[in-house]
Every structure is written in C-alpha cells, then in structure tokens.
2 protein chains.
Amino acid sequence: MIAFDHHSSPAPEELPSLLEGLRMTKQRREVLSVILAERDHPTANDVFTRSKERMPTISLATVYNCLEALVSHKLVKQVNFERESSRYCPNLSDHCHFQDEKTGTIHDVVFKKGVKLEDFLELPQGTEISHLELSLKGRIGY
Amino acid sequence: MIAFDHHSSPAPEELPSLLEGLRMTKQRREVLSVILAERDHPTANDVFTRSKERMPTISLATVYNCLEALVSHKLVKQVNFERESSRYCPNLSDHCHFQDEKTGTIHDVVFKKGVKLEDFLELPQGTEISHLELSLKGRIGY
DNA sequence: ATCCCGAATTAGAATAATTCCAATTTCCGC
DNA sequence: GCGGAAATTGGAATTATTCTAATTCGGGAT
C-alpha cells in the first residue's frame with residue numbers, strides 16, 4: 001500500500017538466542033501471540049483485553065509483567081509517543097514510528113539502508129548509544 | 001566542553017511573533033524565566049519548585065498551564081524520554097536529546113547541517129511531518 | 001512420580017504525573 | 001471604573017503503571 005509498514009518478525013533461527021533465560025510461560029506466550037497477531041501497536045490495556053478472550057484469568061499486572069519481560073528480552077519493542085501510554089510492536093528491525101494525526105494509526109518507518117547516526121547527528125565521538133527512539137507525527141498524502 | 005549543548009534561544013527580533021496571541025502574565029513570565037535561567041531540562045515539578053522561590057503563591061496547576069501555553073506558542077520545547085515525566089527545554093533550534101545513563105543528565109544534540117528527514121528515513125512521499133522527537137540514551141566517552 | 005524452591009501470577013492497593021473542576025482573580029478594551 | 005473573557009488557584013479526579021503480599025506453577029533433584 002504505502003511505503004510504511006515494512007515488517008520483520010524474528011527469523012526462526014534466531015528465536016532461541018532471544019529466548020535465552022526467558023521462561024516462556026503460557027501467559028507470556030499468550031501476550032506475545034497477541035502482539036504478533038496484528039501489527040497495530042496495541043497498548044498494555046489492549047493486550048490485556050485481547051488476551052482475556054483466550055485466557056480469561058490473566059491479570060493486567062501479569063500483562064505488564066509479561067510485556068516487560070518480552071521487551072527486555074528483545075522479542076517486542078516498546079513504543080512511546082509523548083506522554084501517551086506505551087504501545088508494543090512486534091517488528092524487531094531497526095525502525096521508528098509515525099503516527100497519523102488524522103486517524104491515530106501508527107506506522108513503522110524504516111531507516112534508509114546503511115545510514116548511521118553520525119551521518120545526521122552531531123554526536124561527540126566516544127558516545128555510545130544504547131537506546132534510540134524516534135517518533136513522528138503528521139499527515140499522509142491521502 | 002563537549003559537542004553537545006549547542007544552545008539557541010529565540011533571537012530578540014522573532015520574539016514578538018512567537019508571543020502573538022499569548023498573554024504574557026506574570027506567572028507565564030516567571031515560568032519562562034525559570035526555564036531560560038538554566039539549561040538543565042527541568043520537569044514541571046522542578047519548575048514549580050524554582051518558581052515558588054520568587055513567586056510563593058504560584059500553583060502546580062498554573063505551572064502546568066503555563067508550560068502548555070509556552071510550548072504551544074513555541075517558546076519552549078517539551079522533551080520526553082520513554083515514560084519519564086516531561087521535561088522542558090529553552091533551546092528552540094532543531095535538535096534532539098541524549099540522556100547520559102550514568103548521570104541522568106540530558107544533553108542537546110544538533111542535527112548535521114542540511115540533513116533532511118528523507119535523507120535517512122524511508123518516508124512515503126506526501127507525508128507531512130508536523131512533529132518529530134528523537135531521544136537517545138547511552139554513555140559518553142568520559 | 002513427588003517434593004522443593006525460586007520464579008511467575010494474581011488481585012488489589014499504592015504511586016506519580018497530569019488533567020479537570022469550580023470558584024476566584026486578573027486585566028484588557030471600552 | 002466596568003464587564004467579560006481568560007488565567008490562576010487548590011483540591012479532587014483520572015490514568016497509566018508499579019508495588020505488595022499471598023498463592024500457584026513448573027522444572028530439576030530425588
């Protein structure tokens with residue numbers, strides 16, 4: 001459709017390394033599968049609602065716990081727009097997010113092939129970036 | 001010191017246009033002066049504390065109101081790091097933020113001269129970006 | 001298979017940042 | 001100086017998230 005929305009889930013062969021040290025409980029599997037099922041960047045509460053359909057006993061606290069476990073094991077990315085509630089994203093490729101102001105929809109936006117931070121930022125040498133989050137808002141040419 | 005921390009406040013001649021339609025009450029002036037006084041990216045609560053020294057009757061709600069007025073009139077920028085509380089920044093130049101994980105200190109980081117979004121992002125044509133926020137975390141080569 | 005123990009889950013309470021509300025107060029234009 | 005719209009105020013309300021303490025789960029050792 002549009003150039004947004006390239007998508008990449010973990011290649012099957014790299015899953016084991018990501019799972020290292022993460023006990024894959026049924027709640028975590030459920031939460032992960034909810035996030036993998038659609039790529040619409042659900043909030044914790046969205047995930048909670050969807051998870052309950054197949055696992056009615058799951059609690060919101062558990063959803064938060066699972067999300068934090070999945071994020072810290074890099075199976076899922078956490079996405080923030082200003083002070084809105086966090087959203088979760090199954091696309092593990094290096095990318096950032098664009099929120100359509102008209103609809104609220106969030107689209108993945110990929111970096112151009114090969115660009116490095118130093119190409120567009122005046123970063124003092126020796127700076128090690130451990131985390132980067134780029135969030136855009138605007139309108140699409142409909 | 002380091003290449004971070006370029007700083008630019010509004011040029012005196014463009015202030016009038018920014019102030020257009022903004023009633024500069026004494027509370028707003030106080031809040032603005034607190035933010036201008038240091039470039040340490042204070043939170044709303046920091047601003048509240050500092051403002052109270054010279055204006056003991058100011059309320060937290062007013063600080064929030066003033067901040068929102070100043071931000072929407074582009075006299076101040078709002079800075080977000082994940083879900084931390086918002087911080088406020090007097091640097092109006094196009095820039096982004098780096099948080100030193102060791103100290104928590106936030107540094108301004110400028111974009112390389114002349115870079116455009118399309119240079120490093122795969123943006124579908126026709127996309128109009130109205131807001132961009134890039135937040136970095138990491139360590140400085142001390 | 002059973003026992004043990006640390007880890008995960010749960011419900012609900014607690015916290016923190018921010019926003020809302022309704023009652024003044026301020027202050028600009030007449 | 002007066003009227004009215006906008007701003008300020010204190011406190012209550014809201015919202016997302018985290019914490020707590022009790023319970024349950026599940027994998028490894030026996």
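Letters A, B, ... mirror the listed sequences (proteins, then strands); counts begin at 1.
Put simply, the side chain of B:S51 never gets that close to the backbone of B:V63: no donor and acceptor are under 3.5 Å apart. Distance alone, capped at 3.5 Å, places no donor-acceptor pair between the B:R139 side chain and the B:E101 backbone. Not one N or O on the side chain of B:E30 forms a donor-acceptor pair closer than 3.5 Å with the backbone of B:R54.
Per the geometry, CD belonging to B:E68 stands 8 Å off P belonging to C:dT19, to the nearest Å. Rounding to whole angstrom units, CD of residue A:E82 and P of C:dA17 are separated by 18 Å. Rounding to whole angstrom units, CG of residue A:L67 and P of C:dT9 are separated by 11 Å. If you take CZ of B:R29 and P of C:dT26, they are 15 Å apart, rounded to a whole angstrom. Between the P atom of D:dT8 and the CD atom of B:E30 lies a distance of 12 Å, rounded to the nearest Å.
Legend: residues meeting salt bridge (charged side-chain N to carboxylate O under 4.0 Å, His left out) with B:K137, ordered by chain and number and at least two apart, are B:E84.
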Checklist line | Sugar-phosphate or base contact per nucleotide [nucleotides 11-29 of chain D; S, B, -; heavy atom under 4.0 Å] | finding: B----SBBB------S---
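At a threshold of 4.0 Å, the pair A:D40-A:R50 counts as salt-bridged, since one of the basic side-chain nitrogens sits closer than that to a carboxylate oxygen.
Checked options B:L32, B:T25, B:V31; the residue passing with B:R28 is B:T25 (criterion: side-chain contact (heavy atoms from CB on, under 4.5 Å)).
The phosphate of D:dT9 (OP1 or OP2) has a side-chain N or O of B:T62 nearer than 4.0 angstrom. At least one side-chain nitrogen or oxygen of B:Q27 sits closer than 4.0 Å to the OP1 or OP2 atom of D:dT9.
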